[in-house]
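First the proteins, then the strands, lettered A, B, ... as listed; each starts at 1. Quantities reported herein were computed from a predicted structural model and do not represent experimental measurements.
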Amino acid sequence: MKFIPLDYDYFDFNSKNYIRIIGRDDKGKRVCVIDDCDVYLWAILKQDVSDKEIQKIINGIKHLEIEKKERTTKIEKIEVVNKNFLGKRVTALKIFATNYKDLHPIASELDFIEIDKRRGYDLGFITHYIIEKKFRPSVWYEIEGDLLNNSLEFGGIDSALDVDFCLKLNSHKEILEQKFNPKVIAYDIETDEFKIGEGEILMISLVSNYGLKKVITWKKNEDEEPEKAPKFVEYVKDEAELIEHFVKIIRKESPDFLVGYYSDGFDMPYLKSRSEKHKVKLSLGLDDSQPRFTRGINLSARTSGIVHIDLLKFIRTAYSQYMQSETLSLNEVAREFLGDKKIEFKHRHSSKLKGLDWNEYYEYNLHDSTLVASLFEKMWPDILGFSRVIQEPIHEITRNGLSKDVESYILHNLEKFNEIPEKRPNNPDVAERRHIEKYEGAFVLEPTPGLYENLAMFDFTSSYGSVIVSYNLSKSTFLGSNKELKKIPSNETSYSIETGGETIYFDKKPGFIPEMLKQIIESRKHYKKELAASKTDDPIKRARSNAYKLLANAYYGYQGFFGARYYCREAAAATAAFAKKEIKKAIEQIDKNGFKTIYSDTDSIAFELKNKNEKQTLEFLKEINKTLPGIMELELEGFFKRGIWVTTRAGTTGAKKKYALINKEGKLKIRGFETVRRDWCKLARSLQNKVIQMILSDGNYEHALTYTKEIITKIKTHDVPKEDLIIRTQLKKPISEYKAISPHVIAAQKMIEANIPISAGNLIEYYIAEPKDKSKKKLVRERVKLQIEPGEYDIDYYLNNQILPAVENIFQVLKIDIKQIISGKTQTTLGDF
DNA sequence: GGTGGCGTTTTACC
DNA sequence: ACAGGTAAAACGCCACC
């Protein structure tokens with residue numbers, strides 16, 4: 001039969017590990033596949049251990065047993081194998097045992113002096129299985145096996161599972177490109193208290209991608225006539241019945257994916273807590289099991305056989321760095337991806353709702369699930385693509401961070417290099433790495449403030465990634481520094497770079513990490529090209545391209561990340577240093593060839609064309625690319641009609657990471673300015689945006705100045721609506737942990753006093769109000785008010801701390817002193833002094 | 001007890 | 001739990017009057 005594996009789980013039977021995969025066949029039937037695989041770990045031997053000694057070790061460990069309450073784990077066999085570890089040839093013992101969970105204690109028992117390292121016991125059984133059997137998630141297979149039909153094998157697993165077929169796998173063969181339309185249900189709960197354990201679940205909405213659309217609720221107002229409720233509403237008796245009914249629907253529909261938004265942290269734990277309270281079973285699993293929660297700071301909820309997805313988590317790692325949205329609220333994310341938005345609904349406690357208010361509430365609840373379902377449809381190609389590229393199941397792919405994604409990719413590709421996996425760092429290792437001094441990072445050129453015309457911008461494609469590949473920078477290729485090496489490696493065989501006052505060396509013989517990254521970058525290029533060439537958009541190909549792009553961009557950060565298996569601070573430092581060297585070289589070339597560099601940051605260079613035209617610039621680009629090392633490549637980011645760079649607030653130097661460009665079509669590219677910062681009020685941001693836009697399109701300040709004066713007048717006459725003055729700042733940690741009590745901390749305290757639940761991660765909104773007593777209240781935080789608090793805004797604050805700083809430096813480039821205009825004085829020229 | 005100056009903390013961006 | 005670089009606001013603290 002044809003089969004696509006979706007949900008991976010494992011169980012023990014007769015003390016051995018079995019994998020249980022649930023997926024679908026091509027007819028849409030639910031299928032469960034049982035399989036097992038070799039379980040082993042590696043003991044890497046020291047160099048030149050004799051055969052006799054090896055035999056002695058084997059004899060010493062082959063009778064090793066790990067006694068556990070529920071099982072005894074034994075060594076099954078031991079092989080001697082030639083492998084690579086961190087690029088070096090090693091002889092290793094492949095020690096097969098009966099249970100993966102006991103590999104760690106076995107490793108601890110291997111205390112022979114000839115054994116150098118123990119590896120391969122900390123991958124997690126599912127990852128180990130996928131590597132071992134190459135039965136990869138989210139890919140179609142032609143499979144063959146023995147049907148289990150009320151069989152007693154595996155403790156009667158098939159009869160306990162709610163699937164159409166259950167079989168023991170004999171063989172599997174990948175099939176190319178077969179379409180898969182998953183069955184998806186999005187869900188969302190509404191409660192009358194936000195805190196888990198303190199309120200009741202009022203209603204649950206369910207929306208599928210095949211027509212299901214429901215709100216289940218036990219809340220109806222007595223004076224409401226039920227026939228007036230929308231058709232999609234289904235009433236139940238009470239909260240307990242609500243949960244039972246929800247479970248019944250999910251189990252009956254048996255979707256592949258149950259999708260929520262922040263559902264790992266809210267909906268699922270809430271459901272669990274309420275079901276415990278009412279002593280009803282939340283048996284969402286196909287094996288009748290309840291959701292399992294992984295402990296740790298970040299809750300994650302796993303339902304057996306039905307993959308539970310918290311879309312928020314996937315969005316955070318896969319998209320957020322490329323998104324415009326300032327928060328990851330469902331509302332804003334839906335607006336960005338779907339152009340849709342949440343139905344406005346003022347949340348009130350359920351006791352305050354009456355009559356037809358409830359209908360609005362139902363609609364609102366349903367709409368949230370509709371949004372989640374649509375978002376899922378949009379993101380599904382990426383989820384599938386990520387799962388296939390990284391080779392981890394969808395449950396993991398949708399929750400992992402970038403470092404985990406990179407690491408999984410590496411682990412699943414080690415075999416091509418005959419590599420034994422490196423271990424996870426232990427706590428002392430991590431602690432030590434975290435305390436190592438930071439290394440020097442990117443190069444940022446200080447711009448000369450001014451208004452420039454006729455510009456171009458180049459940037460390095462996958463900059464750091466291409467440096468890692470071109471200079472072969474990784475843990476396994478790092479040779480050491482001049483301070484510790486007895487013999488300095490030659491230029492023929494190594495790359496060298498200065499960083500932190502020493503010279504460090506990397507082998508030229510390609511290492512497996514740069515080689516893998518090279519593959520990633522090439523694949524990305526390949527898919528991108530294919531996409532550009534085809535007339536129709538292929539979401540699956542686009543997704544693959546996206547996955548490779550994300551991986552390529554995260555590799556550098558991964559090597560410098562303290563939690564990484566393949567952590568290598570030197571490789572990360574060298575990457576930054578080589579990138580710096582290359583971009584400086586490129587700037588030199590640009591200036592030597594008749595252009596004039598204005599600004600550069602990390603991997604991009606903005607310059608004036610001067611007397612050259614666009615065609616000549618592109619020809620120059622081709623030429624410079626011929627001189628770049630390895631796979632490094634510059635590309636054109638764009639041509640621009642005009643651009644502005646300003647001074648810092650202190651006014652003495654050019655401000656870095658802050659500029660605005662406009663192209664011939666009038667499209668703006670604004671970086672770093674307050675316009676793009678969410679912790680500035682709307683008024684200041686939109687004014688700055690307008691001013692930038694007017695100056696860049698006109699090339700002079702007349703319109704911008706007139707407009708600014710209008711805004712100033714509005715502020716002075718208290719004519720600005722409060723919502724335009726709201727400042728939004730994220731609360732990054734619990735209130736008690738703040739050493740400096742800034743305005744947003746005060747606002748957060750006020751919210752708690754007003755019974756508005758907030759916690760770390762929330763956006764805090766407030767405005768600065770006029771002080772009652774003008775003489776006192778010097779500090780900004782003493783004038784903080786929440787939007788719901790009555791009061792007038794503080795004119796001085798908004799003029800001097802929001803409006804003025806937003807436009808001052810921009811006008812200053814055009815020699816206009818906006819400060820004088822704000823303070824109401826007439827313009828003075830130097831001549832007046 | 002207020003003020004100026006400078007360092008520190010904090011956020012958000014590149 | 002990817003990295004470092006940078007601007008800027010506001011607080012915190014101390015010397016000083």
Side-chain angles (χ1 to χ4, degrees), chain A residues 296-298 316-317 321 326-327 399-407 409 425 430 433-434 436-447 459 463-465 467-468 499 550-564 566-569 571-577 579-580 599-604 606 646-651 653-659 669-680 684-685 727-733 737-746 763-764 768 775-776 778-784 797 800-802 805-806 808-809:
Chain A
I297 320 152
N298 263 317
R316 192 174 287 146
T317 43
Q321 62 181 131
E326 284 167 16
T327 71
R399 286 170 177 81
N400 289 344
L402 280 176
S403 74
K404 199 84 210 311
D405 282 345
V406 171
E407 194 153 284
Y409 183 90
V430 170
R433 291 173 183 186
R434 294 185 79 160
I436 298 178
E437 229 180 305
K438 281 188 173 176
Y439 59 85
E440 200 176 291
F443 169 68
V444 188
L445 179 77
E446 188 191 308
D459 56 28
S463 166
Y464 281 9
V467 170
I468 292 172
T499 139
L550 207 75
L551 282 177
N553 289 342
Y555 247 79
Y556 158 70
Y558 173 80
Q559 297 206 90
F561 170 52
F562 53 77
Y566 294 98
Y567 171 79
C568 183
R569 184 187 178 271
T575 307
K580 211 169 188 171
Y599 180 63
S600 168
D601 182 354
T602 314
D603 59 356
S604 64
V646 298
T647 66
T648 61
R649 201 66 83 219
T653 53
K656 296 170 174 179
K657 300 186 189 285
K658 236 181 173 185
Y659 61 87
K669 183 187 173 87
I670 301 181
R671 292 289 118 98
F673 274 113
E674 285 75 6
T675 297
V676 300
R677 290 185 62 107
R678 68 168 179 207
D679 58 347
W680 282 71
R685 294 173 67 183
I727 295 162
R728 307 158 88 201
T729 312
Q730 196 186 18
L731 193 71
K732 301 272 258 192
K733 52 192 177 189
E737 282 175 30
Y738 279 89
K739 281 190 227 168
I741 309 302
S742 43
H744 80 293
V745 177
I746 295 291
L763 259 201
I764 307 297
I768 306 303
S775 59
K776 287 203 177 124
K778 211 172 71 75
L779 294 176
V780 176
R781 65 165 174 228
E782 291 170 284
R783 286 171 281 157
V784 165
Y797 176 83
N800 296 321
N801 296 43
Q802 294 276 323
E808 187 179 26
N809 296 331

* Asked: With respect to the phosphate group of C/dC2, does any side-chain polar atom (N or O) of A/Asn553 fall under 4.0 Å of OP1 or OP2?
  -> no

* Asked: How would you label the contact of A/Tyr797 with the nucleic acid (heavy atoms, under 4.0 Å): base, sugar-phosphate, or nothing?
  -> sugar-phosphate

* To do: Indicate, with a heavy-atom threshold strictly under 4.0 Å, whether A/Asn298 touches base, sugar-phosphate, or nothing.
  => nothing

* **Non-neighbouring partners of A/Tyr556 that pass side chain to side chain donor-acceptor pair (under 3.5 Å), sequence neighbours left out** => A/Tyr439

* Among A/Asn553, A/Asp603, A/Thr602, which one satisfies side chain to side chain contact (heavy atoms under 4.5 Å, CB included) with A/Tyr464? -> A/Thr602

* Figure out the CD/P separation between A/Glu782 and C/dA10, and round it to whole Å. => 13 Å

* So, does A/Arg677 use its side chain to make a donor-acceptor pair with the main chain of A/Gly672 at under 3.5 Å? -> no

* Asked: If only atom types and distance count, is the side chain of A/Arg781 paired as donor or acceptor with the main-chain N or O of A/Ile741 below 3.5 Å?
  -> yes

* Using side chain to side chain donor-acceptor pair (under 3.5 Å) as the criterion, list what pairs up with A/Lys580, not counting sequence neighbours. => A/Glu440

* **Selection from C/dA1, C/dT6, C/dA8 that lies nearest to any side-chain heavy atom of A/Phe561** => C/dA1

* Asked: NA contact type, A/Gly441, heavy-atom cut-off 4.0 Å: base, sugar-phosphate, or nothing?
  -> sugar-phosphate

* Sugar-phosphate, base or nothing in reach of A/Tyr555, heavy atoms under 4.0 Å -> nothing

* Output yes when A/Glu674 and A/Lys658 qualify as a salt bridge under the 4.0 Å nitrogen-oxygen rule, no when they do not. => yes

* Report the distance from atom CG of A/Leu779 to atom P of C/dC13, rounded to the nearest whole Å. => 12 Å

Just the table, please: protein N/O against nucleotides 5-7 of chain B N/O, every pair under 3.5 Å.
none

* Asked: Strictly by modelled atom types, are A/Glu407 and A/Tyr558 linked by a side-chain donor-acceptor pair under 3.5 Å?
  -> yes

* To do: Classify every nucleotide of nucleotides 9-14 of chain B by which part a protein heavy atom approaches to under 4.0 Å, writing B for the base, S for the sugar-phosphate alone and - for neither, in 5'-to-3' order.
  => SSBBSB

* Asked: Rounded to whole angstrom units, what separation is found between the CD atom of A/Glu674 and the C1' atom of C/dA8?
  -> 8 Å

* Structure fact -> A/Glu407 CD to C/dC2 P, in whole Å, measures 11 Å

* To do: Please name all residues satisfying side chain to side chain donor-acceptor pair (under 3.5 Å) with A/Lys669, sequence neighbours left out, ordered by chain then number.
  => A/Glu637

* Asked: By side chain to side chain donor-acceptor pair (under 3.5 Å), which residues pair with A/Glu446, not counting sequence neighbours?
  -> none

* CZ of A/Phe562 versus C1' of C/dG4: gap in Å, rounded? -> 14 Å

* Thinking salt bridges, do A/Lys657 and A/Asp601 make one under a 4.0 Å N-O criterion? -> yes

* Using atom NZ of A/Lys580 as one end and atom P of C/dG5 as the other, report the distance to the nearest whole Å. => 7 Å

* Asked: Base, sugar-phosphate, or nothing for A/Ala572, non-hydrogen atoms under 4.0 angstrom?
  -> nothing

* A/Gln802 CD to C/dA8 C1', straight-line distance once rounded to whole Å -> 12 Å

* Asked: What is the nucleic acid contact for A/Ile741, judged by heavy atoms within less than 4.0 Å: base, sugar-phosphate only, or nothing?
  -> sugar-phosphate

* Give one of base, sugar-phosphate or nothing for A/Gln559, where a contact means two heavy atoms less than 4.0 Å apart. => nothing

